[in-house]
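Letters A, B, ... mirror the listed sequences (proteins, then strands); counts begin at 1. Everything numeric here is computed off the predicted structure, so don't read it as measured data.
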Amino acid sequence: MTDPKNRNPLPSPSGPPAAPETEAPGPADGPQKSEQELVRADKYRRLIAAGANPFPHKAERTHSVVGLVGAYAALSTEELAAARVRVVVPGRIMSVRLMGKASFFHISDGRSKIQVYIRAEKAGAEAYERFKLLDIGDFLSVTGELFKTKTGELTVLCESFTFMAKCLHPLPEKWHGLQDVELRHRRRYLDLIMNPEVGEVFRLRSAVISWLRRFFDGRGYIEVETPMMQPLAGGALARPFVTHHNALDLDLYLRIAPELYLKRLVVGGMEKVYEINRNFRNEGIDSEHNPEFTMIEFYEAYRDYHDMMDLTEELFCGLCSDLLNKDEFPYGEHVISLKRPFRRIKFRDALAEGSGLPAAAFDDRPRIIKYAEELAPEKKPVTYGKALDIIFDKRVKERLIQPTFILNPPKEVSPLAKSAAGISEEAARFELMVAGMELANAFSELTDPAEQKARFEQQGEERKKGNEETHPVDLDYVQALEYGLPPTGGEGIGIDRLVMLLADRRSIREVILFPLLRPREEK
RNA sequence: GGGCCGAUAGCUCAGCUGGUAGAGCACCGCCCUUUUAAGGCGGGUGUCGCGGGUUCGAAUCCCGCUCGGCUCACCA
């Protein structure tokens, strides 16, 4: 077997390098190479022939580009000259200005750019000729001293450089970057190379997730991992993906939620647990939905949904002030203000407010169903619960820009929640709406095994009527409840939407590195 | 799944009611040692998404398809 690391040995010192076509692989797909790709492959061959290692194993470096800019950009020309800072800095060539026997170019580390000045006189004629074999997109490591040009730009005066990697394709245009949304998502690496603000969004995403871990760890929660492949897709109402385990000859579902497993852990005495991981729902794709998405779910014993509201306010406000250093931020045309307390309104009152109907009208079920049918004539089988849903979606949701807790939605769509105190038809539950999106969903968990079983069975009846969005009957979970689930508050927060909010992105695909796209043959 | 919009050079885009395919950047050649969307002179590198049709002639008009965006539906 060929050791992949030795695929490209250094050219032998005694003669010209081996067959250029195998040394410098062409584009991975398609027989047609563009003129620019042929030129790049040829320059690559000549560079290797001149002694460059085509695939060096590592680069010594004293600084990163972003580190240099942060540390030295503010120094004056005189201060920088006096400091005599010698650097070895690797990066990707992003632009070149070639001027006879000297050139300026910028290298990037994906976050920041720094200019390099190379003169034949300083670096040597041979090195300068090698430099001219490099292209925009190539990686190299530059050794030299920092100075400022007469326009005041921090620049490395190149004494020598080492080739690091070849870019065999031309990069997108320097001024407009890469605009094509499809290409940006299919080749996210190109998006990251050309559009630095994209990298910032994903750095923010990373910061959000590590902040959340610190938040919960600091409150005595433990992080757990529960099955992604489940024999029953429970914990939410959604269509699952199905897969199959061969050895067990068993159909399994990719989880739509971790909820029932996390609550089994609370039964087992893990009083505070959280999980950050992917859920999978086999449903439509749009600007707020990707088939796989990331949620944090957390459960705390001896708490109810009012406690979870307080915790949620603390979480959102702390996250925002720690990561954005302020308590309000733009989202599209709006300014979102995260100040405690968030508005709290009951589901029914929100419906009344949005529809303009008096709250009492919501006791008149036929009237409400008729109203919903007029709002959405295309939706045929309208139950009372469904009607409330329609009114919420059409009349209420988009108006909820500032953070708002919607309290006590109907119990019939909350099969895992306790009933609200003294109100049998309402669930002890809230949803947090921000910028017209549902960001969080929490309830006082249903702990009564008999009622849980009855609710599951009721869902089973719904399913028989053809409603696919029902919760499966999970008797194993009921048995867990029979061992005793203490009063527990639980909540889920959609990480993708949370990042959309903080990063001011209107599409979930802008906060998922590789959103699901239909595969396509490369051109 | 329905509706609307889009796909033209490596990238960003123009191309009208049908008449030999264009610009900027990038690229190639020549000049240029503090430039920075460097500059000067010269060069267009293309399966106009794919497949049919209409026509003397199609990037352009018609039909079908693929992929994407927005939107509605479905759905947190």
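The side chain of A:Lys394 places an N or O atom within less than 4.0 Å of a non-bridging phosphate oxygen (OP1 or OP2) of B:A73. Of the side-chain N and O atoms in A:Arg509, one or more sit less than 4.0 angstrom from OP1 or OP2 of B:C70. In terms of phosphate contacts, A:Lys122 brings no side-chain nitrogen or oxygen within less than 4.0 Å of OP1 or OP2 of B:U33. Of the side-chain N and O atoms in A:Arg186, none sit less than 4.0 angstrom from OP1 or OP2 of B:C67.
Comparing B:G10, B:C70, B:C72 by their closest approach to the side chain of A:Pro170 singles out B:G10. Among the nucleotides B:U35, B:U34, B:C11, the one closest to any side-chain atom of A:Tyr117 is B:U34. The side chain of A:His176 lies closest to B:U12, out of B:C67, B:U12, B:U34. Taking every side-chain heavy atom of A:Glu173 into account, B:U12 is the closest of B:U33, B:U12, B:U35. When distances run from any side-chain atom of A:Ala102 to the nucleotides B:C70, B:C11, B:U33, the shortest one goes to B:U33. Of the candidate nucleotides B:G24, B:U66, B:G69, B:U66 has the atom lying nearest to any side-chain atom of A:Arg518. Set against B:C75, B:C11, B:C32, the side chain of A:Pro172 has B:C11 as its closest nucleotide.
A:Gly494 comes within 4.0 angstrom of nothing in the nucleic acid, heavy atoms only. A:Arg506 comes within 4.0 angstrom of nothing in the nucleic acid, heavy atoms only. Backbone-only engagement by A:Leu517 is indicated by non-hydrogen atom pairs under 4.0 Å involving sugar-phosphate atoms exclusively. In this structure, A:Ala238 reaches the sugar-phosphate backbone alone: every heavy-atom distance under 4.0 Å involves primed, P, OP1 or OP2 atoms, never a base. At the heavy-atom level, A:His185 lies nowhere under 4.0 Å from the strands shown. Residue A:Phe147 is in base contact, counting any heavy-atom pair closer than 4.0 Å across all strands shown. Using a 4.0 Å heavy-atom criterion, one finds that A:Arg281 contacts the sugar-phosphate atoms exclusively. Using a 4.0 Å heavy-atom distance criterion, A:Lys43 is classed as a sugar-phosphate-only contact. Here A:Gln179 lies in heavy-atom contact (under 4.0 Å) with sugar-phosphate atoms only. Among the heavy atoms of the strands, none lies under 4.0 Å from A:Asp135.
No hydrogens or angles were tested; on distance alone, a donor-acceptor pair under 3.5 Å links the side chain of A:Gln115 to the base of B:U35. Taking only distance into account, the side chain of A:His289 meets the base of B:C75 through a donor-acceptor pair shorter than 3.5 Å.
In this structure B:G51 sits in a base pair with B:C63, meeting the Watson-Crick or G-U test at under 3.5 Å. Base pairing of B:C70 is made with B:G3, judged by Watson-Crick or G-U wobble geometry with both donor-acceptor distances under 3.5 Å.
Using a distance-only test at 3.5 Å, with no hydrogens or angles considered, no donor-acceptor pair links the side chain of A:Arg395 to the main chain of A:Ser355. Checked by atom type and distance alone, the side chain of A:Arg429 never pairs as donor or acceptor with a backbone atom of A:Ala427 at under 3.5 Å.
If you take atom P in B:A21 and the same atom in B:G64, they sit 28 Å apart, rounded to whole Å. Taking atom C1' in both B:A58 and B:C67, the straight-line distance is 23 Å, to the nearest Å. Taking the C1' atoms as reference points, B:G18 lies 15 Å from B:G53, given to the whole Å. Using C1' as the reference atom, B:C72 and B:A59 are 32 Å apart when rounded to the nearest Å. Spacing of C1' atoms, B:U34 relative to B:C30, comes out at 23 Å, to the nearest Å.
Counted within 6.0 Å of CD on A:Glu425, heavy atoms from surrounding residues, nucleotides or ligands total 12 or fewer; the atom is thus considered open. Other residues, nucleotides and ligands place no more than 12 heavy atoms under 6.0 Å from the CD atom of A:Glu398.
The residue among A:Phe105 and A:Ser95 whose nearest nucleotide of RNA chain B lies closer to the 5′ end is A:Phe105.
A:Arg97 forms no cation-pi arrangement with A:Tyr117, by the criterion of a distance under 6.0 Å to the ring centre and an angle within 45° of the ring axis. At least one cation-pi condition fails for A:Arg497 and A:Phe293: the charged atom is not both under 6.0 angstrom from the six-membered ring centre and inside a 45 degree cone around its axis.
With sequence neighbours excluded, the residues forming a side chain to side chain contact (heavy atoms under 4.5 Å, CB included) with A:Asn290 are A:Glu292, A:Ile508, A:Ile512, A:Pro515, A:Leu516, listed by chain and number. Partners of A:Asp135 under the salt bridge (Lys or Arg N to Asp or Glu O under 4.0 Å) rule, at least two apart in sequence or in another chain, are A:Lys43, A:Lys166.
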With sugar-phosphate taken as primed atoms, P, OP1 and OP2 and all else as base, the protein-contact string of nucleotides 42-48 of chain B at under 4.0 Å (heavy atoms; B, S, -) is ---B---
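Results of the side-chain contact (heavy atoms from CB on, under 4.5 Å) test with A:Leu260 over A:His471, A:Gln230, A:Arg255 single out A:His471 as the only residue that passes.
If you measure from atom CG of A:Asp286 to atom P of B:G2, you get 17 Å, rounded to the nearest angstrom. In this structure, A:Met99 places its CE atom 15 Å from P of B:G40, rounding to the nearest Å. Per the geometry, CZ belonging to A:Arg239 stands 8 Å off C1' belonging to B:C74, to the nearest Å.
There is a side-chain donor-acceptor pair under 3.5 Å between A:Gln115 and A:Thr155.
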